[in-house]
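If you read the sequence from its start, that first residue is 1, and numbering goes on from there.
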Amino acid sequence: MSEFLVNLLGERLVNGEKAEVDVHALGSKLSLLGLYFGCSLNGPCKQFNASLCEFYSKFKKSSEHKDKLEIVFISSDQDQKQWQDFLQEMQWPALPFKDRHKKMKLWNRYKVTSIPSLVFIDAATGKVVCRNGLLVVRDDPKGLEFPWGPKPFAEVVAGPLLRNNRQTTDSSALEGSYVGVYFSAHWCPPCRSLTRVLVESYRKVKESGHKFEIVFVSADRSEESFTQYFSEMPWLAVPYTDEARRSRLNRLYGIQGIPTLILLDTEGHMITRQGRVEILNDPDCRLFPWHPRPVLELSESNAVQLHEGPCLVLFVDAEEEGELEPAKELIQPIAEKIMAKYKAKEEETPLLFFVAGEDDMSDSLRDYTNLPEAAPLLTILDMSARAKYVKDVEEITPVVVEQFVSDFLAEKLKPEPI
């Protein structure tokens, strides 16, 4: 286990007293590691830090599992003194201030999109145990549910569900259906826009004969807002008053922002977290139930995924529909191999794959990342790290792509700034 942690965190951490902490000495009993992403200048981080300090102190004093948990702070501070002052408030160690490369690797690996964020991982393997540790701290202040691992959807959602005519249905009615778990709120304009599209998609899928249901998990700020918003929806909802169940569902899927649409298969296993993108990209619902595709054609609706981690983008000289197919066929076998490899390890794919033609979206991306106008052009873009990797060759072959991907994953490529 210590060897894995050294690879993940490095050999040395630092504590609030400026003393080095040997990663090997974190403890042989350690089974769960909390990666705490935050920043001293962020108001919500300061608020959460106080709660986390109280949680950590109680856990270490009274839990029978006190030796099995440690937390490591991963800062996005730019000022070392502000970082050091913030670290003095903490009872746990942190990654060294100057180790920015390792910080960015952790941000990308665990797909952190906002702060504060607390991700609990298996200390021996690095697999995510719970993505939304903020809710653990809030909902389980005594740590009684340690180690907060995922439970089956059917168990977490169990209980009565509402229809907008105020009738109730037991959650067991979802058995054997594809399910969309919809995290949304009336106060959020993108949520309201998506809801209008989703109502039509829901109708089309149901009319096509598929067993499909949606469960609305509200983030509204009042029951009145929930009732008003839910009146527009033809599907089911977790009662607004059942805050504990809503919170457990948020924790189960590690929700960091709304709108989010999680799609589940008929066994309750996740198909994709990108239901929002799939719905917008496929208004006729021809690809239902929207299993992940190895290669995507870059569009306005899926460009948001460029910010969720490193993405390979193959730019080609294509303006007409269908001209992107040869490019997709070129990189698809490599994308499928990567997806299969990480699925077998029960890990998220470390790289998404796109093809991009000649259009406004591609032009905007080239301008934003300062890429040359060449086509074909093979790139890997890492927006969160503001880094790019460019392979500008006359002919792009499967061998070239596979070597480029292999070198990136092995950290052999030198990044250029975006």
- request: To the nearest 0.5 Å, tell me how far Lys127 NZ sits from Ile121 CD1.
  value: 12.5 Å

Full working for ring-ring contact (aromatic ring centres under 6.0 Å, His included) between Phe404 and Tyr389: CA-CA 9 Å; Phe404 187 53; Tyr389 308 81; 7.4 Å; no

task: Check whether the side chains of Asp220 and Ser222 place a donor and an acceptor atom closer than 3.5 Å, and report yes or no.
output: no

task: Give a yes or no on whether Asp170 atom CG has more than 12 heavy-atom contacts from other residues, nucleotides or ligands under 6.0 Å away.
output: yes

task: Compute whether any side-chain donor of one residue and acceptor of the other, for Ser362 and Asp359, lie under 3.5 angstrom apart.
output: yes

- request: State whether the number of non-hydrogen atoms from other residues, nucleotides or ligands found under 6.0 Å of Lys391 atom NZ is greater than 12.
  value: no

- prompt: Does a donor on one side chain and an acceptor on the other come within less than 3.5 Å for Thr113 and Gln256?
  reply: yes

- request: Nearest 0.5 Å please: distance from the CG atom of Leu249 over to the CG atom of Leu135.
  value: 11.0 Å

field: Arg245 side chain vs Val157 backbone, donor-acceptor pair below 3.5 Å
entry: yes

- prompt: Any chance CD of Gln88 has more than 12 other-residue heavy atoms, nucleotides or ligands included, within less than 6.0 Å?
  reply: yes

message: Checking side-chain polar atoms at under 3.5 Å, does Ser299 have a donor or acceptor matched by the opposite partner on Asn281?
response: yes

message: Can you tell whether the side chains of Lys58 and Glu54 come within less than 4.0 Å, N to carboxylate O?
response: yes

Neighbour count above 12 (heavy atom, 6.0 Å) for Lys66 NZ: no

message: For the OG atom of Ser117 and the CZ atom of Arg131, what is their distance to the nearest 0.5 Å?
response: 8.5 Å

message: Pairing donors with acceptors under 3.5 angstrom, does anything connect the side chains of Tyr240 and Ser225?
response: no

task: Could you check if a side-chain atom of Leu35 sits within less than 4.5 angstrom of a side-chain atom of Phe37, using non-hydrogen atoms only?
output: yes

field: Gln332 versus Glu336, side-chain donor and acceptor atoms under 3.5 Å
entry: yes

- request: For Arg251 and Glu145, run salt bridge (Lys or Arg N to Asp or Glu O under 4.0 Å): C-alpha distance rounded to whole Å, both residues' side-chain angles, the deciding distance at 0.1 Å, then the answer.
  value: CA-CA 13 Å; Arg251 191 202 307 178; Glu145 297 178 33; 3.3 Å; yes

field: Exercise: do Tyr178 and Glu213 side chains pair donor with acceptor under 3.5 Å
entry: no

- request: Examine Phe216 together with Tyr229 and report whether their ring centres are nearer than 6.0 Å.
  value: yes

message: Nearest 0.5 angstrom please: Gln82 CD to Asp85 CG, how far?
response: 8.0 Å

